Structure formats: C-alpha cells, structure tokens
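Step one of this worksheet: look at the structure below.
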Amino acid sequence: MTALSRCGCTPPGDEQLYQTARLIIIGEIIRIVIEDYVQHLSGYNFKLKFDPTLMFGSTFQYGNRIALEFAQLYHWHPLMPDSFFIDGDEIQYPQFLFNSSVLLNHGVDKLIHAFTRQHAGQIGGGYNMNAAVTKVAANTIRESRHSRIQPFNQYRKRFHLTPYTSFRQFTDDEEMIQTLEEMYGDIDALEFYPGLLLEKTRPGAIFGQSMVEMGAPFSLKGLMGNAICAPHYWKPSTFGGQVGFDLVNSATLQKLVCLNTKTCPYVAFQVPPADFDEQKHAREPYSEL
C-alpha cells in the first residue's frame, strides 16, 4: 500500500504529491530503523525514541554524508544463516543472492513467515562467514588499507573504550589468538574491520562491545542527520499535512509489514518463543485508507 493512498492524496499526476509520499516513506523508515531495528541490535536497556525535536536546541549538522568507517563496519554478511528455509524449501547462497525470483515465487507473506522463524548468524567472534561472501571481507580490508584507516585500537580510544593490551584479552579463542599473533605481531597493529568481526561477543549478543559502541552512534547520527529531521522541515506541511505527519509518527515494523501482506503475520527481529501460538496471535492486516 503506497504512502500516496494512505495519506489520502489525489490520484497520480502531480509530482509534488509523489514527493510528499516519498518524504512520508523516508520518515517512516527512519522511525522503524531507530525504534525497532537499532533498538534490538544495540541491546540497550533504555528505549530509543525517534524525536528530531530533541536536537533542535543544539548545534547539529544535517546532510547525507556517511563515514567510510561506518560503511565498512556495516558489512554484516555473517548475520545471514548458511541456508534459507522458505515454505519447505532449503535455498543455498548461490540460489538466494541477487535472485529476485525467490520473492516473486514465494511472495512476501511466506518470506516474512520464514525469516522471523529462522535464527540469524552471529556477526562477532569469527568463523561465521559463508564462503560465498568471503570476497566481501577481503575487498573491505583492501579498501581499508588503501584508505590508510587507523588500527582497531585507535578507534577504541576515539570512542572512549579501553584499548586491548593483548590478543588474549581481545578473544578467548586460542587458535584465533595464535593466528592473529602470527599475522599482526601486536594487538595495536590489528586492523579496524577484522577487529570488529573477530572481537569476542558479549554474553547473549551477536557481536562484541566495539561494534555496538561504535556502530550505534554512527547509525543514530546518520539517521537523525537526514534533512527531514531539521527544524525547517520537521513539521506537518513537509508530509502533506497532519495526516501524513501522523503516519510518520506512528510507524512500526509490524504496521509496515501488515500494510503490504494479505495476512498479518508475526513480525519481529527475534524468533517467536517455543510456545508461540500462531492462531492466538493472528490479526487482520492494518488499513489506513
């Protein structure tokens, strides 16, 4: 369901209306990313809230710039499982990557049902990148060296984290300790990207301390830095009026999915508990027409 129809705008033909719909979608995405996605991944005990007015009294730079370090940090290919189970089919990487027919053949409903019931891979700690995407890691390291990015420990200091003094402090894996000592010689020589992906994970988490404490600020700064969050634009008129503004301010991951599926499935960034009752939690799709 398009933002154009949901905000009650007139039929296609007016470019300004399409721009308004586009801004509504951008606002909804930012809210969902902060309040659902970043909230889940951060593991923070406090509730994140998308409220641009919190920044209005401070000096803040709005724009679409992104740091190279954040672009590298966000290569989360280990997050994907080794194969994908969709509607009774097990799909391997060669059949899944860059293959839109998976979506066309199975449909959104079945993909959502499958993806919310399969555990993701662990990003930190190493040994979890499928062979089909290891070239991504290799290219990232090449880019890092070409750009002369500072070592991992330097970024630990920059984000007010205590730098590691040894590889044994960095990881508990004996084989990894030996390999890193042979490759780098000293913990201060460890590169930025390998450091993020090999650092020992927090208890019950999918990555280590550095990924969270560096990634979350990078992410929130980029999201809140979008031009629509600036005082000049964060108002109802930017989104076609109060109705459009309300759509942005009420967006959730659950609503996004249920506006675009025939049924309203279980939607979350974690798998349902073992005793989850599908029928009990079934609901009608959302409608904002």
Side-chain angles (χ1 to χ4, degrees), residues 1-12 17-44 47-52 76 79-81 84-89 91 96 99-120 206 219-220 223 226 228-229 236 238-289:
M1 183 177 295
T2 67
L4 197 64
S5 64
R6 290 159 55 204
C7 71
C9 302
T10 57
L17 293 177
Y18 276 105
Q19 291 299 328
T20 298
R22 179 171 172 270
L23 292 172
I24 291 174
I25 293 171
I26 291 173
E28 289 179 313
I29 291 174
I30 294 175
R31 179 171 296 280
I32 291 169
V33 170
I34 291 177
E35 297 189 356
D36 288 314
Y37 176 69
V38 176
Q39 177 73 59
H40 172 70
L41 290 173
S42 68
Y44 291 155
K47 181 68 175 175
L48 296 176
K49 181 176 176 58
F50 174 48
D51 183 1
W76 285 3
L79 183 66
M80 297 193 293
F84 307 87
F85 296 90
I86 304 173
D87 195 29
D89 296 331
I91 302 176
F96 186 85
N99 182 11
S100 59
S101 67
V102 174
L103 171 61
L104 297 176
N105 292 339
H106 292 281
V108 174
D109 294 66
K110 290 181 179 178
L111 258 66
I112 293 294
H113 181 87
F115 292 162
T116 54
R117 282 158 178 78
Q118 184 172 358
H119 288 281
I206 60 174
S219 178
L220 294 175
L223 291 164
N226 191 287
I228 69 168
C229 300
T238 297
F239 305 97
Q242 190 60 47
V243 173
F245 201 35
D246 289 342
L247 290 176
V248 173
N249 285 310
S250 63
T252 65
L253 178 65
Q254 179 86 44
K255 185 182 291 187
L256 174 67
V257 171
C258 292
L259 282 168
N260 291 279
T261 52
K262 295 178 181 178
T263 61
C264 194
Y266 170 82
V267 181
F269 285 114
Q270 56 190 21
V271 297
D275 59 351
F276 180 77
D277 188 334
E278 191 79 39
Q279 297 299 321
K280 184 178 179 181
H281 290 81
R283 65 180 71 182
E284 291 297 319
Y286 288 98
S287 175
E288 292 181 342
L289 287 177

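It should be emphasised that the depicted structure is a prediction, and the values quoted were computed from it without experimental measurement.
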Worksheet, complete the sentence: Separation between NE2 (H113) and OG1 (T261), nearest 0.5 Å, reads 13.0 Å
Practice prompt. Please examine the side chains of T252 and E35, heavy atoms only from C-beta on, and report whether any two atoms are closer than 4.5 Å.
Written response: no
Fill in: Over all atoms of both residues, closest heavy-atom pair of L23 and T238
CD1-O, 3.4 Å
Discussion item. Just verifying a value: how many Å separate R31 CZ and D51 CG, rounded to the nearest 0.5 Å?
Written reply: 7.5 Å
Fill in: All side-chain hydrogen bond (donor to acceptor under 3.5 Å, both in side chains) counterparts of N105, not counting sequence neighbours
none
Discussion item. Let me confirm one number: the CD1-OG1 distance from I25 to T20, rounded to the nearest 0.5 Å.
Written reply: 11.0 Å
Response to the item:
In terms of heavy-atom contacts, I34 and V38 come closest through O-CB, 3.7 Å
Worksheet item: With no hydrogens and no angle check, is any side-chain donor or acceptor of D89 less than 3.5 Å from a backbone partner on I91?
Response: no
Worksheet item: Nearest heavy-atom pair of A268 and T116: which atoms, and what distance?
Response: O-CG2, 3.8 Å
Worksheet item: Looking only at heavy atoms, which two atoms of P52 and C229 are closest? And how far apart?
Response: CB-O, 3.5 Å
Fill in: Side-chain donor or acceptor of Q254 paired with backbone N/O of Y266 under 3.5 Å
no
Item to complete: Check the angle between the aromatic planes of F115 and F84 and answer parallel, tilted or perpendicular using the 30° and 60° thresholds.
Response: perpendicular
Worksheet item: About how many Å separate CD1 of I228 and CD1 of I26, when rounded to the nearest 0.5 Å?
Response: 6.0 Å
Worksheet item: Which residues satisfy the ring pair (Phe, Tyr, Trp, His ring centres under 6.0 Å) test with F50, sequence neighbours excluded?
Response: W234
Worksheet item: How many angstroms lie between atom CZ of R117 and atom CD of Q270, to the nearest 0.5 angstrom?
Response: 12.5 Å
Worksheet entry | Qualifying residues under side-chain contact (heavy atoms from CB on, under 4.5 Å), relative to L103, sequence neighbours excluded | V108, L111
Discussion item. To the closest 0.5 Å, what do you measure between CG (D36) and CG (L41)?
Written reply: 11.0 Å
Discussion item. Which residues pass the ring pair (Phe, Tyr, Trp, His ring centres under 6.0 Å) test with Y37, not counting sequence neighbours?
Written reply: F269
Worksheet item: Mind checking what makes ring pair (Phe, Tyr, Trp, His ring centres under 6.0 Å) contact with F85, not counting sequence neighbours?
Response: none
Discussion item. D87: which residues meet the salt bridge (charged side-chain N to carboxylate O under 4.0 Å, His left out) condition with it, sequence neighbours left out?
Written reply: K110
Worksheet item: Does any N or O in the side chain of E28 come within less than 3.5 Å of the main-chain N or O of A251, such that one atom is a donor and the other an acceptor?
Response: no
